[in-house]
Amino acid sequence: MSPAPTFTSAFLQTLQARGYVHQISHPEELDQAAAAGVVSAYIGFDATASSLHVGNLVSVMLLRRLQQAGGKPIVLMGGGTTKVGDPSGKDATRQLLTADQIDANIDSIKQVFGKFLTFGDGPTDAVMVNNDAWLSRFGYIEFLRDYGVHFTVNRMLTFDSVKTRLEREQPLTFIEFNYMLMQAVDFLELSRRHGCALQMGGSDQWGNIINGVDLIRRVDQRPAFAVTTPLITTASGAKMGKTAAGAVWLNADRLSPYDYWQFWRNTEDADVGKFLRLFTDLPLDEIAVLEALEGAGINEAKKVLANEATALLHGRDEAERAAEAARRAFEDGAVSGDLPSIDIPAAALAAGVPLAVLAVDAGLAPSRSEARRLAQGGGLRVNDKQEPDAQRLITAADIGEGGMIKLAAGKKKIVLVKIVGP
RNA sequence: GGGGGAAUGUCCCGAGCGGCAAAGGGGGCGGACUGUAAAUCCGCUGGCUACGCCUUCGCAGGUUCGAGUCCUGCUUCCCCCA
């Protein structure tokens, strides 16, 4: 996909070598700029959910690479653009969020960036801005006169985000149609306010980004560049980070460090090298060694991946705890307090609780019927013993080592039941 | 404006003589095999106070012992004519 030119700047060399590059708008010019001084670049993040997920992680890592290479990262929170909704890659209009929801989401999302970037006032310190600051201030006619004149509908209709909607004869509302203008104006504003010369993003953002590049070059005659990352898929073709349990969230309150670690640990063999390059800071030569491991040996590489990726997000301590909990659970068959757990009152246990109820409470099955089927299929274990009868009452007699009851659905999902209270 | 078609299991695609909890895929989950991988094979894939009960086929009515299936109206989408 990429022309694979040789770059002189550390930044682009790294991006190229680690697999972040899908498209670059003016490669030579950007390379020179990056080699010559501090490049300031931004990535925009929607505020459609209360947490980012692994799908956003490539972008976050991209900003990290920028900072590591001596650039200045700008995190743009899409407080304003989220009010409009990006039609890219969606075949239906999405529900509009209220301003309050958006603000709450931004608050919740913010914290994650501190783990990956250094914020501050220095020349290469990261900054965070919210495009609501300028977008919500425009008057309609003012906006049209200042920016609308630079966009032709003829050209807007050629963008994929618009074209696919029209081709599928799905409605594209006027508000969505405006999204690309707003994103272009964002880039222009950041160029003026922060000297931002580069916008990065996923490959689906290429059209949106190029609009901004063109706008800046036309209106201000200033340099502007675009870099997009490839869509990260697993080797078997699935979009990364979608599991039945839901998205792989970055916020700890939506996905525990243990589960996050497990997500990486369960990477397919064929993806280990790619993920190590994208999602860890390990040097490329170390990755090459890990990637070359064969057979069961590659499990070691997966553990390194899980450790490093989890350490970046949740800290080294949490990563080690997750790794240790996993090691004991999967390699020793023992339990440790760091496994996911639920509490049950001793009184309830004395009366006996049907296994199906417990399994649902533990999140191992979505319904009692499902728990029943799971048990019948041999997928439900109590203290490592298959239990085909989900009706069976779990009582104090089932308390195992550590004074807890170990429930498992399948080989990978383990939940400890801790007994509390009278 | 006129004519013709479509909407199915709350993940998707899709079959469905008036007896239907509804064929078949995909996906997902579980089992076996492995290495917490992939591939392969097998099972499961509406809920519940469970030999029964309840809720499901765009929406609202109707015919019928009985409706996803027939009738009427409505909504949305597609195709053809103007």
Side-chain angles (χ1 to χ4, degrees), chain A residues 90-95 164-173 233-248 258-276 290-307 309-310 322-336 338-340 351-357 359-382 384-393 406-415:
Chain A
K90 296 175 190 65
D91 50 14
T93 305
R94 91 155 90 188
Q95 190 72 43
T164 58
R165 248 346 143 74
L166 296 181
E167 275 165 9
R168 291 183 196 177
E169 314 216 18
Q170 292 295 314
L172 176 74
T173 61
T233 54
T234 68
S236 22
K239 201 168 171 179
M240 187 198 170
K242 297 279 191 227
T243 69
V248 178
Y258 172 83
D259 286 322
Y260 190 72
W261 193 94
Q262 283 296 317
F263 167 74
W264 293 107
R265 174 62 247 267
N266 285 302
T267 296
E268 294 175 27
D269 287 8
D271 290 322
V272 172
K274 176 164 77 173
F275 287 179
L276 280 167
L290 291 168
E291 196 179 10
L293 293 171
E294 287 182 16
I298 200 146
N299 281 329
E300 293 311 311
K302 292 185 191 180
K303 287 180 201 169
V304 173
L305 170 63
N307 285 340
T310 306
E324 180 59 12
R327 193 190 65 74
R328 282 201 235 162
F330 290 104
E331 294 175 22
D332 297 348
V335 300
S336 80
D338 288 322
L339 287 170
V353 181
L355 175 56
V357 174
V360 172
D361 287 349
L364 293 175
S367 70
R368 291 178 204 182
S369 297
E370 193 70 40
R372 228 157 262 143
R373 285 187 219 106
L374 184 66
Q376 274 162 18
L380 203 53
R381 284 162 220 263
V382 179
D384 299 317
K385 287 191 296 290
Q386 283 190 343
E387 176 53 76
D389 178 17
Q391 304 284 37
R392 209 202 96 195
L393 291 182
K406 182 182 180 186
L407 293 186
K411 298 266 166 63
K412 296 178 188 174
K413 284 171 290 187
I414 303 170
V415 175

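Below, chain A is the first sequence line, B the second, and so on; all start at residue 1.
Judged by Watson-Crick or G-U wobble contacts below 3.5 Å, the nucleotide B:rA37 has no partner. Across all strands shown, B:rG43 forms a Watson-Crick or G-U wobble pair with B:rC29, both key distances being under 3.5 Å. With a 3.5 Å ceiling on both atom-pair distances, the Watson-Crick or G-U wobble partner of B:rC59 is B:rG73. Of the nucleotides present, B:rC48 is the one that pairs with B:rG52 by Watson-Crick or G-U wobble criteria, both distances under 3.5 Å.
Comparing the P positions of B:rG16 and B:rC79 gives an interatomic distance of 23 Å, to the nearest angstrom. The P atoms of B:rG52 and B:rC77 are separated by 45 Å, rounded to the nearest whole Å. Using C1' as the reference atom, B:rG58 and B:rC48 are 27 Å apart when rounded to the nearest Å. Distance check on atom C1': B:rG68 versus B:rG46 gives 16 Å, rounded to whole Å. Comparing the P positions of B:rG3 and B:rU10 gives a spacing of 36 Å, expressed to the nearest Å. Remark: the separation of the C1' atoms in B:rC33 and B:rA67 is 48 Å, to the nearest Å.
At distances below 3.5 Å, at least one donor-acceptor pair connects side-chain atoms of A:Q386 with backbone N or O atoms of A:G378.
Environment of CD in A:E294: sparse, with no more than 12 heavy atoms of neighbouring residues, nucleotides or ligands closer than 6.0 Å.
Rounded to an integer number of Å, the gap from A:L305 CG to B:rG35 P is 21 Å. When rounded to the nearest whole Å, the span between CG of A:L380 and P of B:rG31 equals 10 Å. As rounded to whole Å, 16 Å separates atom P of B:rG30 from atom CD of A:Q376. What separates CG of A:L374 from C1' of B:rC29 is a distance of 8 Å, to the nearest Å. The CG-P distance, from A:L290 to B:rG35, rounds to 20 Å in whole Å. What separates CD1 of A:I414 from C1' of B:rU36 is a distance of 9 Å, to the nearest Å. For the pair A:E387 CD and B:rG30 C1', the computed distance is 16 Å after rounding to whole Å. Distance, A:L293 CG to B:rA38 P: 18 Å, rounded to whole Å.
Taking 4.0 Å as the cut-off between side-chain N and carboxylate O, A:K302 and A:D269 count as a salt-bridged pair. Taking a cutoff of 4.0 Å between a charged side-chain nitrogen and a carboxylate oxygen, A:R392 and A:E387 qualify as a salt bridge.
In this structure, A:Y258 OH and A:L339 CG are separated by 5.0 Å, a value rounded to the nearest 0.5 Å. Here the NZ atom belonging to A:K303 is positioned 13.0 Å from the CD1 atom belonging to A:I298, to the nearest 0.5 angstrom.
Closest non-hydrogen pair, A:R265 versus A:A306, comes out as N-CB, 3.9 Å.
B:rC77 takes the anti form, because its glycosidic angle lies more than 90° either side of 0.
With hydrogens and angles ignored, no donor-acceptor pair under 3.5 angstrom links the side chain of A:E331 to the base of B:rU36.
Nucleic acid contact class of A:R381 (heavy atoms, under 4.0 Å, all strands): sugar-phosphate only. Residue A:A365 is out of contact with every strand shown, counting any heavy-atom pair closer than 4.0 Å. Contacts of A:S369 with the nucleic acid, taken as non-hydrogen atoms under 4.0 Å apart, include base atoms. Note on A:K413: only backbone sugar-phosphate atoms sit closer than 4.0 angstrom, heavy atoms only; bases stay farther off. Residue-level contact check: A:W264 touches neither bases nor backbone, having no heavy atom under 4.0 Å from any strand. Residue contacts for A:G295: at a heavy-atom cut-off of 4.0 Å it reaches a base atom on one of the strands shown.
Contact annotation: A:K412 side-chain N/O to B:rA37 OP1/OP2 distance is under 4.0 Å. The phosphate of B:rG31 (OP1 or OP2) has no side-chain N or O of A:R373 nearer than 4.0 angstrom. At the phosphate of B:rG46, neither OP1 nor OP2 sits under 4.0 Å from any side-chain N or O atom of A:R368. For the pair A:K411 and B:rA32, the criterion of a side-chain N or O lying under 4.0 Å from OP1 or OP2 is met.
Taking the side chain of A:K302 as heavy atoms from C-beta on, and the options B:rG35, B:rG47, B:rG31, the nearest nucleotide is B:rG35. Listed candidates were B:rG31, B:rG35, B:rG47. Nearest to the side chain of A:D269 is B:rG35.
Nearest-nucleotide positions on RNA chain B place A:G377 closer to the 5' end than the other of A:G377 and A:Q391. Mapped onto RNA chain B by nearest heavy atom, A:F330 and A:S367 fall at different nucleotides, with A:F330 at the one closer to the 5' end.
With 3.5 Å as the limit, one finds a donor-acceptor pair spanning the side chains of A:N307 and A:W261.
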